[in-house]
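Just below is one structure, and these are the notes that go with it.
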Amino acid sequence: MDLIKIKVNLPEKVYAVLETDMEAFGFLKQNGTPNKNGYINAIIRNFFKMFADRELEVITRIRDQIHVKDEDIPAIANMFFEERYKKEGNYTKELQFIIQKENLDIYEEIIELYLANRSISQYFREMLILFTSYPMDKRENILFKDIVSKIRMGIENNRKAIVYLTDGSKKTMDLYGIFGTGEQIFNYLIGVELNGNRRETATYRLNKVKNVVIIPDMTRAISEDEKEKLDLMVYQGPIFPINEIVDAKVKLDENGKTLFRLWIHDRPKPYKVDGNIYYFKSSLNHLVIYFYKFGNTAKFLSPDSAKKFIKEQFKKAEELYWHVLLYYSFDYSAICFWNCFT
């Protein structure tokens with residue numbers, strides 16, 4: 001069968017979302033450039049059924065509420081679809097892709113059953129517009145729905161699993177769940193990882209999970225202590241594993257309070273605020289990585305391990321840029337010396 005090439009004109013903001021997603025979700029070629037064809041085909045493969053069901057609901061409502069002849073329904077539905085999607089803007093960006101072999105059945109099904117007086121380009125345009133209208137974390141869940149389904153099956157059946165990652169490694173885990181960040185950006189698989197006799201909480205970006213194999217004869221066993229840590233990971237954001245709960249106090253000046261309100265990405269949630277003192281329970285890594293960028297507007301009062309980490313990081317920065325400090329110090333001294341004689 002000849003290659004089936006599709007050309008679709010899209011609104012600029014839809015095209016921009018697709019471009020961002022390719023890098024964010026790891027759809028890249030070996031040379032690091034975006035794999036446009038692979039990404040669009042992944043959308044078709046994983047979103048087609050959901051999109052078709054949505055459109056079928058519209059057609060059913062038209063049939064039930066307007067009471068028109070069946071042969072008139074496709075034209076009416078087409079008018080509805082066109083009206084619904086044209087608000088996204090003018091179709092100024094061109095996207096071209098080739099239907100992959102594994103999507104040929106879907107393509108033929110669309111041609112036979114779902115066009116409703118539309119061209120195939122219009123059908124895919126409307127599919128992509130609807131897909132990009134969802135929050136980023138939901139788009140990720142759709143793209144990796146087979147992985148998500150396996151993870152949920154393992155949890156429902158209370159079984160351990162082997163998680164294969166895109167870097168070639170594999171992990172034996174007691175799965176706990178898939179959780180998104182508060183900003184609706186990415187999804188993370190969290191659970192307890194088995195490393196010999198050690199058990200540690202672990203977290204992996206959903207797009208880094210290549211496959212999940214459920215172990216039928218091994219029961220999932222998460223202790224109460226581990227559950228407390230996993231629940232705290234869910235509460236604080238699933239990006240950072242918590243193997244030791246750190247109780248921390250941070251003092252913020254007025255500028256620090258402003259930064260804390262503004263910098264919401266990976267922001268830890270305080271369990272108590274007393275004036276300018278903020279109390280947290282999270283992992284040490286989460287707290288120091290977030291507050292390190294606050295500079296002198298934030299000060300760890302406890303624990304000592306956080307204060308030590310921040311001090312070491314600023315010392316390393318000073319050592320890295322000592323020549324810059326020396327240059328400006330020399331420059332300032334030279335100016336003062338010159339001023340003495342003018």
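Remember, it's a predicted structure, so these values are computed and weren't measured experimentally. Positions are given from 1, in the same order as the sequence printed here. The basis for the numbers below is simple: all heavy atoms, side chains too, and nothing from hydrogens, waters or symmetry mates.
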Can you name the nearest heavy-atom pair linking [X] to [Y], along with the distance?
{"X": "T181", "Y": "I185", "value": "OG1-N, 3.4 Å"}
{"X": "V212", "Y": "A161", "value": "CG1-CB, 3.9 Å"}
{"X": "K7", "Y": "S121", "value": "O-OG, 2.7 Å"}
{"X": "A221", "Y": "R199", "value": "O-NH2, 2.6 Å"}
{"X": "L206", "Y": "N141", "value": "CD2-OD1, 3.8 Å"}
{"X": "G26", "Y": "N207", "value": "N-ND2, 3.7 Å"}

Just one of F124, F144, F131 clears the ring-ring contact (aromatic ring centres under 6.0 Å, His included) bar with F47, so which one?
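For F47, the ring-ring contact (aromatic ring centres under 6.0 Å, His included) test succeeds with only one of F124, F144, F131, which is F131.
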Nearest-0.5 Å distance that lies between atom [atom1] in [X] and atom [atom2] in [Y]:
{"X": "S133", "Y": "L128", "atom1": "OG", "atom2": "CG", "answer": "11.0 Å"}
{"X": "N46", "Y": "R139", "atom1": "CG", "atom2": "CZ", "answer": "14.0 Å"}
{"X": "Q30", "Y": "N35", "atom1": "CD", "atom2": "CG", "answer": "10.5 Å"}
{"X": "Q96", "Y": "K36", "atom1": "CD", "atom2": "NZ", "answer": "6.5 Å"}
{"X": "I289", "Y": "I310", "atom1": "CD1", "atom2": "CD1", "answer": "9.5 Å"}
{"X": "I40", "Y": "M127", "atom1": "CD1", "atom2": "CE", "answer": "10.5 Å"}

Answer yes or no: are there more than 12 heavy-atom neighbours, outside [X] itself, under 6.0 Å from its atom [atom1]?
{"X": "K293", "atom1": "NZ", "value": "yes"}
{"X": "E23", "atom1": "CD", "value": "no"}
{"X": "N31", "atom1": "CG", "value": "yes"}
{"X": "E244", "atom1": "CD", "value": "no"}
{"X": "K257", "atom1": "NZ", "value": "yes"}
{"X": "E112", "atom1": "CD", "value": "no"}
{"X": "K308", "atom1": "NZ", "value": "no"}

Distance flag, aromatic centroids of W263 and F294, threshold under 6.0 Å
yes
Aromatic ring proximity, centroids under 6.0 angstrom, F280 and F300
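No, they do not, as the ring centres are separated by 6.0 Å or more.
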Taking the side chain as everything from C-beta on, heavy atoms only, tell me whether [X] gets closer than 4.5 Å to [Y].
{"X": "R159", "Y": "I215", "answer": "no"}
{"X": "I242", "Y": "S282", "answer": "yes"}
{"X": "E140", "Y": "L143", "answer": "no"}
{"X": "R205", "Y": "F25", "answer": "yes"}
{"X": "Y188", "Y": "I239", "answer": "yes"}
{"X": "Q313", "Y": "K316", "answer": "yes"}
{"X": "I110", "Y": "L115", "answer": "yes"}
{"X": "V163", "Y": "L175", "answer": "yes"}

For the pair [X] (side chain) and [Y] (backbone), establish whether a donor and an acceptor sit closer than 3.5 Å, ignoring hydrogens and angles.
{"X": "Y279", "Y": "D274", "result": "no"}
{"X": "R152", "Y": "S149", "result": "no"}
{"X": "T203", "Y": "P241", "result": "no"}
{"X": "N41", "Y": "Q100", "result": "yes"}
{"X": "K281", "Y": "I245", "result": "no"}
{"X": "R220", "Y": "D174", "result": "no"}
{"X": "K160", "Y": "T219", "result": "yes"}
{"X": "R45", "Y": "N103", "result": "no"}
{"X": "H286", "Y": "D266", "result": "yes"}
{"X": "R267", "Y": "R261", "result": "yes"}

Checking Y123 against F51 for the side-chain contact (heavy atoms from CB on, under 4.5 Å) test, could you report, in this order, the C-alpha distance in whole Å, the side-chain angles of both residues, the deciding distance, and whether it holds?
CA-CA 10 Å; Y123 185 87; F51 178 69; 3.5 Å; yes
Taking [Y] as the starting point, is it possible to reach [X] by hopping between hydrophobic residues whose side chains are less than 4.5 Å apart?
{"X": "M173", "Y": "I214", "result": "yes"}
{"X": "F27", "Y": "L165", "result": "yes"}
{"X": "I4", "Y": "I120", "result": "yes"}
{"X": "F186", "Y": "Y39", "result": "yes"}
{"X": "L28", "Y": "Y204", "result": "no"}

For side-chain contact (heavy atoms from CB on, under 4.5 Å), just list the numbers for M50 and K145, CA-CA rounded to whole Å, side-chain angles, deciding distance to a tenth of an Å, and then say yes or no.
CA-CA 11 Å; M50 185 176 174; K145 68 176 185 177; over 6 Å; no
Between E224 and K227 (salt bridge meaning N to carboxylate O under 4.0 Å), is one present in this structure?
no
Quick test of your reading of the model: are K150 and D146 salt-bridged, counting only N-O distances below 4.0 Å?
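Between D146 and K150 there is no salt bridge, as every charged N stays at least 4.0 Å from the carboxylate O atoms.
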Below 30° counts as parallel, above 60° as perpendicular, anything between as tilted: where do the rings of F291 and F260 land?
parallel
With under 30° as parallel and over 60° as perpendicular, where do the rings of F48 and Y114 fit, or are they tilted in between?
perpendicular
Please determine, by modelled atom types, if D167 and S169 share a side-chain donor-acceptor pair under 3.5 angstrom.
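Present: a donor and an acceptor within the cut-off.
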Please tell me whether T201 and N243 have a donor and an acceptor in their side chains that are separated by less than 3.5 angstrom.
yes
Can you tell which of I43, L10, V14, T20 makes a side-chain contact (heavy atoms from CB on, under 4.5 Å) with T132?
V14
Assess the residue pair I129 and R125 against the criterion (side-chain contact (heavy atoms from CB on, under 4.5 Å)); give the C-alpha distance rounded to whole Å, side-chain angles, the decisive distance to 0.1 Å, and a yes or no.
CA-CA 6 Å; I129 289 174; R125 175 170 62 239; 3.8 Å; yes
side-chain contact (heavy atoms from CB on, under 4.5 Å) between I147 and I178: does it pass, once the steps are laid out?
CA-CA 10 Å; I147 298 293; I178 300 170; over 6 Å; no
